[in-house]
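Side-chain atoms are counted along with the backbone in the values below, which use heavy atoms only and exclude waters and symmetry mates. Each chain gets a letter, A, B and so on, in the order the sequences are listed, and its residues count up from 1.
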Protein chains: 2
Amino acid sequence: MAETKRTAKRLPPARPDKQPAKQPEKQSQKREEKNVGASAIEKAFAALEAIAELDESPSLSQLAVRLGVPKASAHRIMTQLEQAGLLQRDLSGKRLRIGPRMARIALRAIGATNQPEIHAAMERLVQRIGESCNLGALQGTRIVYLDRVECDWPLRTHFRAGSQVPLHCTATGKLFLAFMDEPTREDILRSLTLERHTEKTIVDPKKLRAELARIRAAGYAENDQEFMVGLIGLSVPVLDARGRLLAGLAIHAPIARLSIVQSTAHLASLREAAAVIAKVSGA
Amino acid sequence: MAETKRTAKRLPPARPDKQPAKQPEKQSQKREEKNVGASAIEKAFAALEAIAELDESPSLSQLAVRLGVPKASAHRIMTQLEQAGLLQRDLSGKRLRIGPRMARIALRAIGATNQPEIHAAMERLVQRIGESCNLGALQGTRIVYLDRVECDWPLRTHFRAGSQVPLHCTATGKLFLAFMDEPTREDILRSLTLERHTEKTIVDPKKLRAELARIRAAGYAENDQEFMVGLIGLSVPVLDARGRLLAGLAIHAPIARLSIVQSTAHLASLREAAAVIAKVSGA
DNA sequence: TCTGTTCATTCCGATATTCGGGACATATTG
DNA sequence: CAATATGTCCCGAATATCGGAATGAACAGA
C-alpha cells in the first residue's frame, strides 16, 4: 500500500482479514525461472504450450499458478491470445482451449518442420550403422539438435530435437570449435567455462586447444565419454560448396555396444550421409 | 435463461479506447492488413503463421515485406522466436522454418480435447460407418496420428494419437507419398527401406510407384493388410484451399467385418467429413 | 437470505520492452 | 571491384507490459 489517495471512498466492512492466514505464500517461492527477461513472446508461448500440454482445459487461475505469473498478467496474456484467435473459451466462458487459428497453424506446421530429405538420409544412416544419429548446429555458444533419428536398441539416449548441449564436451561442439576461425575460437574459449561433466571431460584450455588441432587435422571429432559416462560419439562436418561448416552429423552409442575404435569404421557412411545432407540443403 | 449468463461481462464489443483517424480505410492495396498497434504477440504469430503457410522457407527480408514490418523489427522477432525454439534456421542459416518446440505444441494442439470440431466430425463419421477412423499427417518420413476415434466393436486396434507409422504400408502414408511433388517423392522412396510387415506389404519400389500413380488418379488410398494382417484401411485427403494436402482421414477395420470393396461404399461419407475438417481448420 | 470463498476482470502508475531509422557488416551479382 | 541485396547491430524515444490491489460475479454452505 502506497499513498492511498482515496479519501472518503466508503469502504464497506473494512475487512480486517486482509491478510488471510490460510496461504501466506502460495506460489511465491515457486517462480524462480521465468522471472525477468522473459519476453512477451516467450510468455505467450509458455501459456499456449501449457494449454496444449494439459489434458483438460484449464481455468485462468490454474494457468496463472502453473506459469508462475500473477493473475492479472495471465489475464492480459490470455485476452491477447484470445483476441488473436489463438485461444478460445468454452461455452461457460471460463476455461481456455486452443482456438481455430492456432489449429490451422498447427496443421500446417507439423508438415513444415524438418526437411524430409534430410530426415530420410539420417534414417538410412541409422539403418546401416545400427546406432542413433543426430544433426547439430551452432547457435550462440551451444549446439542445438536440428534433427535426430533413434536406433532400435532398447538402451538409448533421449535428447529430443531442439535441446542444447555445450561445445567443449560433445563431438559436434568440438567440431565447430575446431573449424571456426582463430579469433572467434579464442574469443569463445575465453568466455566458456569448461564445466566438468565426467571424469573425461576436457577442462584444461590447453588440452582442449590441442584436441581441436587434432580434430582439424583429422577432419572429424570424437567424444569419448566427455559428456555422459559410458556414451561415445563421432561427428563429421556437413560442408557447403565453399567449405564452410553448416552442421555436424554425429552418431552416438553406449560404449558397451561400440568402442571409439570401432566407431571410426563407420566414418565413410557418415561422410556419405553428410554429403547428401549438404546437397539437399542447396549447398 | 439461456442468454442471461453472458450479459454484462462481454458488453464492450466496441473499442472505447481510441479510434484514431488512421483506422478508416487506411488499407490500400500495398501495405495491407498488418497495421500498427499490433501487440508483440500478434506480430510473432503473424510471422509464425506466414512461415507455416508458405510452401518454402522464407528469408528474413521476404518475411519483413510479407508482414509489412521494418527489417530490423522482423529481425528482432525472428531472433526471439528462434531462441525460444519455435523457429529454426536451415543449414545455410538464412531461411527460417518451424522449430521443434513449435512442432510439439502443434501436435498437442490438435489433440482430441483441444479441437472439438475436428473430433466431433470424426465421431459423426464413426457413428455413420461403424468403424474406427483416424487423422494422420506427415512428419519427417513417417505418419503421425493427430486424432483418433474408436468404434464400439470389441475388436479394435489401439494406436494412440501421437504414435507414428511408416509411409509405405499405410493408407494415409501412401496418400502423402502420392501427393508430394516428384523430386521429393523420389528422394524419399530411394532412402526408405520398404520394410515388410505382412505378406501383402509392397516392398518393391516399382510396384509402389505404380500403386502411388493409381492413388493419385483415384484420389484416395487403400491399405489391404499391408501393415497388419487382417486389417484394411481407406484414406482420403484433407486439402486446404489451395489444394495442398494437410492430412489424411482414414477408416480402418478388420477384414472380417469390412472388405476393401465394401469400404469404398463409404468414400462419400469420408470425403464429406474431410471437407468439414478442412473447413473448420480454416482452410 | 446472508456470508465467506473463489475466480475473472478492471484500474493505474512505474518501468522494462519494444520499436524502427539508420549505420554497419556480409554475401551475392554484374 | 564496384554495386546491390541482405543480415545484424545500436540506441533514443515511445509505449506496451507488469503486477498489486480493488471490484464484480458466481457459488456453496449455514
From the list B:L67, B:V65, B:I51, side-chain contact (heavy atoms from CB on, under 4.5 Å) partner of B:P58 resolves to B:I51
Exactly one candidate in A:E117, A:E123, A:R124, A:M122 meets side-chain contact (heavy atoms from CB on, under 4.5 Å) with B:T141; the answer is A:E123
Whether [X] contacts [N] is assessed here as follows: a side-chain N or O lying under 4.0 Å from the phosphate OP1 or OP2. Is that the case?
{"X": "B:K43", "N": "C:dG20", "value": "yes"}
{"X": "B:S59", "N": "D:dT6", "value": "no"}
{"X": "B:H75", "N": "D:dG7", "value": "no"}

The residue, A:S61 or B:I77, whose nearest nucleotide of DNA chain C is more 5′ is A:S61
Ranking B:A72 and A:A40 by the position along DNA chain C of their nearest nucleotide, the one closer to 5' is A:A40
| query | Okay, side chain of B:R101, backbone of B:A84: is any donor-acceptor separation there less than 3.5 Å? | reply | yes
- Message: If we ignore hydrogens and angles and just use 3.5 Å, is the side chain of B:R97 paired with the main-chain N or O of B:Q88 as donor and acceptor?
- Response: no
Report the distance from atom [atom1] of [X] to atom [atom2] of [N], rounded to the nearest whole Å.
{"X": "A:L63", "N": "C:dC7", "atom1": "CG", "atom2": "C1'", "result": "13 Å"}
{"X": "A:R244", "N": "C:dT26", "atom1": "CZ", "atom2": "P", "result": "13 Å"}
{"X": "A:E42", "N": "D:dT17", "atom1": "CD", "atom2": "C1'", "result": "16 Å"}
{"X": "B:K71", "N": "C:dG21", "atom1": "NZ", "atom2": "P", "result": "11 Å"}

Any salt bridge between B:E53 and A:R104, counting N to O under 4.0 Å? yes
- [ ] Using a strict 4.0 Å threshold on nitrogen-to-oxygen distance, state whether B:D55 and A:R108 make a salt bridge.
- [x] yes
| request: Using a 4.0 Å heavy-atom cut-off across all strands, classify A:R242 as base, sugar-phosphate, or nothing. | output: sugar-phosphate
So, with a heavy-atom separation below 4.0 Å from DNA chain C, the residues of residues 79-94 of chain B are B:Q80, B:K94
